[in-house]
Amino acid sequence: MNIIEITDLNAPELAVYTRLTESQLRNKLEPEKGIFIAESPKVIGTALDAGCEPLSFLMERRQIEGPAAGVLARCPGAVVYTADRSVLQTLTGYALTRGVLCAMRRPAPRRAEELCRSASRVAVLEGIVDSTNIGAIFRSATALGVDAVLLSPSCCDPLCRRAVRVSMGTVFQVPWATLGDTPADWPEKGMDRLHAMGFKTAAMALDDRAVSIDDPALQAEERLAIVLGTEGDGLAHSTIARCDYTVMIPMQHGVDSLNVAAAGAVAFWELRKR
């Protein structure tokens, strides 16, 4: 292993961990140079299982022959930067990383049509910008058998650090794609693509026309796209109008809605293909 001792975090080669913004890491102008950060041996291992390419590591020395030994053995060409715990603790959020960070090459973007050829249930996310919600939705989608996650162009990046961490690496286990490159590609063009792929679309929304989530017609659909809206206002009226169904989760005690990640988990379970 190429192990490099550091005494502070100002070295230029550590910029990916310490100074570059999420937008700079993503590198929209040159996507092939994009990078994301995976945190903790478990999440890094899941990313490696998915074929992600490691570039470098940052960790305490005790991790090299400890919890990180397994993932390091899989990455013989990667540089390992190591420092005392006191140095690394000055890095914002370091306590949440399980002591190990890995800079990895972003995988090439994929097209929704490629991911959905054999899919029967997909999640479609509109304008969800909170990285915690994105990570939680991916974790539920993976656990509950969703075949793919499709995002409107205004959604938070699933490979931002917090989304990756909250998802516990499931962003590498369920395939995902963006429905378009600009806000103008959603909802009309994105919905047209979903329908062209053979999906019936189910808007999760409060509406007088909404059917209950346990309606047998929903379960009978061979291909169903479950559409979830932004945290504050929910789905846009134009999106709901283009969906084949409007669906609501029956609730009690006057509660009218759930957090989008919680609503997604309920919907993925109830609408799963049996």
Side-chain angles (χ1 to χ4, degrees), residues 20-36 106-117 119 121-138 141 146-164 167 171 174-207 209-210 221 223-247 257 259-261 263-264 267-268:
L20 296 187
T21 65
E22 292 288 354
S23 178
Q24 289 170 323
L25 288 172
R26 189 173 183 179
N27 205 341
K28 286 187 176 181
L29 295 179
E30 298 180 89
E32 69 280 1
K33 295 182 180 179
I35 293 171
F36 69 90
R106 284 185 72 97
R110 301 175 68 183
R111 280 184 57 80
E113 287 77 4
E114 171 196 352
L115 304 183
C116 295
R117 286 195 185 103
R121 295 293 184 267
V122 299
V124 180
L125 313 184
E126 176 183 273
I128 298 178
V129 296
D130 185 279
S131 54
T132 298
N133 283 333
I134 289 286
I137 289 169
F138 267 83
V146 172
D147 298 308
V149 177
L150 307 176
L151 303 97
S152 76
S154 58
C155 279
C156 169
D157 175 22
L159 294 184
C160 77
R161 285 175 70 163
R162 187 171 181 83
V164 172
S167 81
V171 292
V174 61
W176 60 272
T178 302
L179 283 168
D181 300 315
T182 69
D185 292 325
W186 180 265
E188 183 175 359
K189 293 179 182 177
M191 282 289 178
D192 287 345
R193 289 173 67 182
L194 289 168
H195 287 132
M197 287 185 272
F199 285 101
K200 290 296 182 69
T201 49
M204 300 299 299
L206 297 174
D207 187 280
R209 301 179 298 110
E221 294 291 355
R223 310 191 86 193
L224 189 66
I226 303 163
V227 189
L228 297 160
T230 186
E231 293 86 353
D233 298 327
L235 290 171
H237 293 300
S238 57
T239 301
I240 297 171
R242 287 183 170 89
C243 285
D244 300 293
Y245 297 95
T246 304
V247 182
S257 63
N259 166 273
V260 65
F268 302 156

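Residue numbers start at 1 and run along the sequence shown. Computed from heavy atoms alone, side chains included, the values below leave out hydrogens, waters and symmetry copies.
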Sequence neighbours excluded, which residues qualify as ring pair (Phe, Tyr, Trp, His ring centres under 6.0 Å) partners of F199?
none
May I ask you to say whether R161 pairs ionically with E22, meaning some side-chain N is under 4.0 Å from a carboxylate O?
no
Below 4.5 Å, heavy atoms only, C-beta onward: do M204 and V227 meet side chain to side chain?
no
Show, in sequence, the C-alpha distance, side-chain angles and deciding distance for S152 and S154, and conclude whether the side chain to side chain donor-acceptor pair (under 3.5 Å) test is met.
CA-CA 5 Å; S152 76; S154 58; 3.2 Å; yes
Residues which pass side chain to side chain donor-acceptor pair (under 3.5 Å) with W176, listed by chain and number, not counting sequence neighbours
none
Would you call D130-R162 a salt bridge at under 4.0 Å N-O?
no
How long is the span from the CE atom in M197 to the CD atom in E113, to the nearest 0.5 Å?
4.5 Å
Taking the side chain as every heavy atom from C-beta outward, state whether I128 and E231 have any pair of such atoms under 4.5 Å apart.
yes
Where do M191 and C243 come nearest, in terms of heavy atoms and distance?
CE-SG, 3.3 Å
Under 3.5 Å, is there a donor-acceptor pair between the side chain of E126 and the main chain of A236?
yes
Minimum side-chain heavy-atom gap I137-L125 below 4.5 Å
yes
Reported CG-to-OG1 distance for the pair D185 and T178, which is rounded to 0.5 angstrom:
10.5 Å
My understanding is that only residues two or more places apart in sequence, or in another chain, count here; which of them pass side chain to side chain donor-acceptor pair (under 3.5 Å) with R121?
none
Least distance between heavy atoms, V164 atom then P158 atom:
CG2-O, 3.6 Å
Can you name the closest pair of heavy atoms from P153 and T182 and give their distance?
CG-O, 3.1 Å
Side-chain heavy atoms of I226 within contact of V124, under 4.5 Å:
no
Listed partners of D147 passing salt bridge (Lys or Arg N to Asp or Glu O under 4.0 Å), at least two apart:
none
Which residues satisfy the salt bridge (Lys or Arg N to Asp or Glu O under 4.0 Å) test with R117, sequence neighbours excluded?
none
So, for L150 and A112, which heavy atoms are closest and what is the spacing to 0.1 Å?
CD2-CB, 3.8 Å
P107 meets the side-chain contact (heavy atoms from CB on, under 4.5 Å) criterion, sequence neighbours left out, with F36, L159
State which residues pass side-chain contact (heavy atoms from CB on, under 4.5 Å) with V146; sequence neighbours excluded, sorted by chain then number.
A123, A141, F268
Looking at residues at least two apart in the chain, or sitting in another chain, which of them share a side chain to side chain donor-acceptor pair (under 3.5 Å) with S238?
none
Can you see which heavy atom on I134 is nearest to which on C156, and at what distance?
CG1-CB, 3.8 Å
Can you pull out every salt bridge (charged side-chain N to carboxylate O under 4.0 Å, His left out) where at least one residue sits in residues 195-204? Sequence neighbours excluded, please.
K200-E221
V149 side chain reached by V122 side chain, heavy atoms, under 4.5 Å:
no
Looking at residues at least two apart in the chain, or sitting in another chain, which of them share a side-chain contact (heavy atoms from CB on, under 4.5 Å) with H195?
T201, D244
Show, in sequence, the C-alpha distance, side-chain angles and deciding distance for K33 and R26, and conclude whether the side-chain contact (heavy atoms from CB on, under 4.5 Å) test is met.
CA-CA 8 Å; K33 295 182 180 179; R26 189 173 183 179; over 6 Å; no
By side chain to side chain donor-acceptor pair (under 3.5 Å), which residues pair with D192, not counting sequence neighbours?
none
What's the shortest heavy-atom distance between L228 and G264, and which atoms?
CD1-CA, 3.8 Å
Checking T230 side chain against G127 main chain: does a donor-acceptor pair fall under 3.5 Å?
yes
Can you name the residues that form a salt bridge (Lys or Arg N to Asp or Glu O under 4.0 Å) with R242, not counting sequence neighbours?
E188
Considering only heavy atoms from C-beta outward, does the side chain of R110 approach that of P175 to under 4.5 Å?
yes
